[in-house]
Amino acid sequence: GENVEQHPSTLSVQEGDSAVIKCTYSDSASNYFPWYKQELGKGPQLIIDIRSNVGEKKDQRIAVTLNKTAKHFSLHITETQPEDSAVYFCAASIPGYSTLTFGKGTMLLVSP
Amino acid sequence: NAGVTQTPKFQVLKTGQSMTLQCAQDMNHNSMYWYRQDPGMGLRLIYYSASEGTTDKGEVPNGYNVSRLNKREFSLRLESAAPSQTSVYFCATGQGLGTNEKLFFGSGTQLSVL
């Protein structure tokens with residue numbers, strides 16, 4: 001099955017800096033790569049996703065890039081704010097009747 | 001519009017006790033999932049239901065059973081709780097497997113087994 005590795009496990013940045021979280025996947029058939037944000041005491045919430053026919057997708061301060069050859073994808077957050085502090089999960093899925101495989105998560109702390 | 005509702009929010013059990021975690025959704029979604037979240041382990045799939053009447057094992061099904069009672073409700077049962085089942089449990093829903101679907105999560109149940 002699919003295996004997703006996520007790095008780093010924790011990331012501390014100053015407000016206004018950029019943050020980058022990286023994930024690698026094992027199955028080249030995977031074609032869908034979502035990112036979820038989990039705030040303290042809440043369930044994860046989808047913030048952005050990308051499909052394998054697209055190399056980059058952007059939504060305001062967040063962007064995701066995908067390198068199919070290297071089998072890795074990354075989340076980029078620019079101009080970080082304290083409210084960006086949360087745990088972020090990447091995931092991947094294979095086409096057809098398949099479930100999402102999640103990475104182990106990255107705790108992002110943005111200091112004022 | 002509640003979305004995905006999990007009950008209870010907190011529970012403490014003694015080893016060997018049984019309990020059922022409840023999940024209900026009002027989003028008219030076909031698929032429902034149970035995940036557990038442990039420190040450093042991310043989200044691991046316990047069981048899922050692609051549609052009413054079907055259930056399948058996920059990555060870590062041992063020690064659990066599920067019931068898809070109807071389209072709205074998907075319950076997770078621990079027949080004989082063990083300390084290793086101390087975790088935060090999340091229910092999630094999606095429009096349907098195979099569609100690269102967006103998942104919607106409940107707010108979780110924090111379970112401690114002593």
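Every value quoted in this text rests on a predicted model; they were computed, and no experiment measured them. By convention in this document, chain letters (A, B, ...) are assigned in the order of the sequence lines, proteins followed by strands, and residues within each chain are numbered from 1.
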Enquirer: Please output the residues of residues 103-114 of chain B in contact with chain A, using a heavy-atom cutoff of under 4.5 Å, in numerical order.
Expert: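 Heavy-atom contacts from residues 103-114 of chain B to chain A are B:L103, B:F105, B:G106, B:S107.
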
Enquirer: Could you tell me whether A:E83 atom CD has more than 12 heavy atoms of other residues or ligands within 6.0 Å of it?
Expert: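 Enclosed.
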
Enquirer: What distance separates B:E59 CD from A:T101 OG1, expressed to the nearest 0.5 Å?
Expert: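 Output value for this atom pair is 7.5 Å.
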
Enquirer: Same hydrophobic cluster for A:L46 and B:L45, using side-chain heavy-atom links shorter than 4.5 Å among ILVMFWY?
Expert: yes

Enquirer: Check the hydrophobic clustering (I, L, V, M, F, W, Y; side-chain heavy atoms under 4.5 Å; chains of links allowed) and say if A:L75 and A:F89 are grouped together.
Expert: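 They do not share one cluster, since no chain of ILVMFWY contacts under 4.5 Å joins A:L75 to A:F89.
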
Enquirer: Can you tell me if A:Q45 has over 12 outside heavy atoms packed within less than 6.0 Å of its CD?
Expert: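 No, CD of A:Q45 has 12 or fewer neighbouring heavy atoms, counting only those of other groups under 6.0 Å.
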
Enquirer: Are there more than 12 heavy atoms of other residues, nucleotides or ligands under 6.0 Å from atom CD of B:Q17?
Expert: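 Yes.
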
Enquirer: Among residues 65-73 of chain B, which ones touch chain A with a heavy-atom distance under 4.5 Å?
Expert: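 Under the 4.5 Å heavy-atom cut-off, nothing qualifies.
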
Enquirer: Are B:Y35 and B:M19 connected in a single hydrophobic cluster, I mean Ile/Leu/Val/Met/Phe/Trp/Tyr linked by side-chain heavy atoms less than 4.5 Å apart?
Expert: no

Enquirer: I'd like to know if A:I77 and A:V64 are part of one continuous hydrophobic network [Ile/Leu/Val/Met/Phe/Trp/Tyr, side-chain heavy atoms within less than 4.5 Å].
Expert: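 In one cluster with A:V64: A:I77, yes.
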
Enquirer: Using non-hydrogen atoms only, which part of A:P44 is less than 4.5 Å away from chain B: side chain, backbone, both, or neither?
Expert: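 Contact with chain B is through both the backbone and side chain of A:P44.
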
Enquirer: Using 0.5 Å steps for rounding, measure from the CZ atom of A:F102 to the CD atom of B:Q37.
Expert: 10.0 Å

Enquirer: Does B:V88 share a hydrophobic cluster with A:M107, counting links as ILVMFWY side-chain heavy atoms below 4.5 Å and allowing steps through other members?
Expert: yes

Enquirer: Counting only non-hydrogen atoms closer than 4.5 Å, does B:L43 touch chain A with its backbone (N, CA, C, O), its side chain (CB onward), both, or neither?
Expert: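 For B:L43, heavy atoms of backbone and side chain both lie under 4.5 Å from chain A.
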
Enquirer: How long is the gap from OH on B:Y48 to CG on A:L100, to the nearest 0.5 Å?
Expert: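 Nearest 0.5 Å value for the OH-CG distance: 11.5 Å.
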
Enquirer: Does any backbone or side-chain atom of A:Q38 lie under 4.5 Å from a heavy atom of chain B? Answer side chain, backbone, both or neither.
Expert: side chain

